[in-house]
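One structure below.
To find a chain, count down the sequence lines: A is the first, B the second, and so on, and within it residues start at 1. Not measured: the values here are computed from a predicted model.
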Amino acid sequence: GAGVSQSPSNKVTEKGKDVELRCDPISGHTALYWYRQSLGQGLEFLIYFQGNSAPDKSGLPSDRFSAERTGGSVSTLTIQRTQQEDSAVYLCASSPGLAGPSTSTDTQYFGPGTRLTVL
Amino acid sequence: AQSVSQHNHHVILSEAASLELGCNYSYGGTVNLFWYVQYPGQHLQLLLKYFSGDPLVKGIKGFEAEFIKSKFSFNLRKPSVQWSDTAEYFCAVNAWNYGQNFVFGPGTRLSVLP
């Protein structure tokens with residue numbers, strides 16, 4: 001597609017339920033990122049994929065959070081046993097490929113986000 | 001810990017005023033620097049970026065930023081703001097010495113009064 005898409009756009013769930021958030025990156029982009037944006041705060045890095053592997057999972061806030069990417073394309077972020085503090089906008093971004101100190105491939109293209117509300 | 005700071009949480013300006021938003025980072029070594037903008041109701045988009053070469057970078061919509069390595073800064077500027085510049089602005093750093101690829105600052109909300 002023309003840009004990064006995410007689904008659902010809004011998700012309301014009850015505390016303790018599991019949720020799955022989906023990201024479709026720009027076709028051909030090998031790098032994919034998940035971020036969380038809480039109300040009034042900046043972006044918090046969650047996880048990064050290069051292809052199907054996740055070399056950096058350092059931002060996942062707890063073991064209730066997991067993510068996978070299949071076929072080097074679609075990614076799913078799963079939150080188990082949701083808590084109210086998980087309420088936020090979850091943003092996905094993709095970029096063309098491996099970044100380095102002198103390449104021009106590090107621009108991230110963001111999706112519209114999924115607004116998660118945990119009641 | 002590696003971090004990116006933005007000096008102002010909320011800036012309010014009148015149209016035609018000049019703008020400077022501060023950004024400082026704490027990484028050593030090679031960095032790539034970005035400013036992203038989020039207009040109301042829209043998703044984040046790239047405003048400008050610095051990788052190497054001329055430390056004064058021109059972006060879209062008349063924005064520019066200057067990389068000052070000695071000060072670990074990458075301040076965003078615009079000589080004359082418009083009402084349509086009302087948005088949230090995020091500075092971001094990509095440093096490959098560390099495991100985390102991108103670190104974003106907390107954002108600066110700009111309100112331009114007509």
Side-chain angles (χ1 to χ4, degrees), chain A residues 2-7 9-10 23-26 29-50 53-61 89-115, chain B residues 1-10 21 23-25 27-54 57 59-60 67 69 87-109:
Chain A
V4 177
S5 61
Q6 292 185 245
S7 61
S9 55
N10 279 285
C23 172
D24 280 275
I26 292 173
H29 281 193
T30 60
L32 186 146
Y33 304 81
W34 282 99
Y35 295 90
R36 179 167 70 175
Q37 187 176 25
S38 302
L39 187 63
Q41 299 190 22
L43 274 73
E44 175 189 4
F45 168 82
L46 297 179
I47 190 169
Y48 154 68
F49 287 93
Q50 180 59 41
S53 64
D56 193 343
K57 303 180 182 180
S58 62
L60 293 176
V89 176
Y90 289 81
L91 292 168
C92 174
S94 69
S95 68
L98 283 174
S102 60
T103 69
S104 59
T105 60
D106 297 313
T107 303
Q108 293 183 57
Y109 298 84
F110 283 83
T114 294
R115 182 175 298 278
Chain B
Q2 302 81 45
S3 65
V4 176
S5 61
Q6 293 182 237
H7 306 162
N8 309 99
H9 177 64
H10 187 193
L21 301 182
C23 171
N24 285 86
Y25 62 94
Y27 295 90
T30 303
V31 292
N32 302 321
L33 300 159
F34 307 80
W35 277 96
Y36 284 87
V37 61
Q38 188 169 27
Y39 297 103
Q42 297 186 29
H43 52 88
L44 276 160
Q45 55 188 283
L46 182 71
L47 201 55
L48 50 77
K49 59 187 178 183
Y50 169 82
F51 291 97
S52 63
D54 189 344
V57 180
I60 61 172
F67 171 47
K69 188 174 182 180
E88 187 108 25
Y89 292 82
F90 294 92
C91 179
V93 177
N94 166 224
W96 280 86
N97 289 341
Y98 301 96
Q100 186 172 326
N101 298 101
F102 286 83
V103 177
F104 280 75
T108 296
R109 184 155 64 99

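Residue A:Tyr109: no heavy atom, backbone or side chain, is found under 4.5 Å from chain B. Only the side chain of A:Leu91 comes within less than 4.5 Å of a heavy atom in chain B; its backbone stays farther off.
The distance from the CD atom of A:Gln37 to the CZ atom of B:Phe104 is 9.5 Å, given to the nearest 0.5 Å. Expressed to the nearest 0.5 Å, how far CD of A:Gln108 lies from OH of B:Tyr36 amounts to 4.5 Å. Rounding to the nearest 0.5 angstrom, the gap separating the CZ atom in B:Phe90 from the CZ atom in A:Phe110 is 9.0 Å.
Residues of residues 38-47 of chain B lying under 4.5 angstrom from chain A, judged on non-hydrogen atoms, are B:Gln38, B:His43, B:Leu44, B:Leu46 in numerical order.
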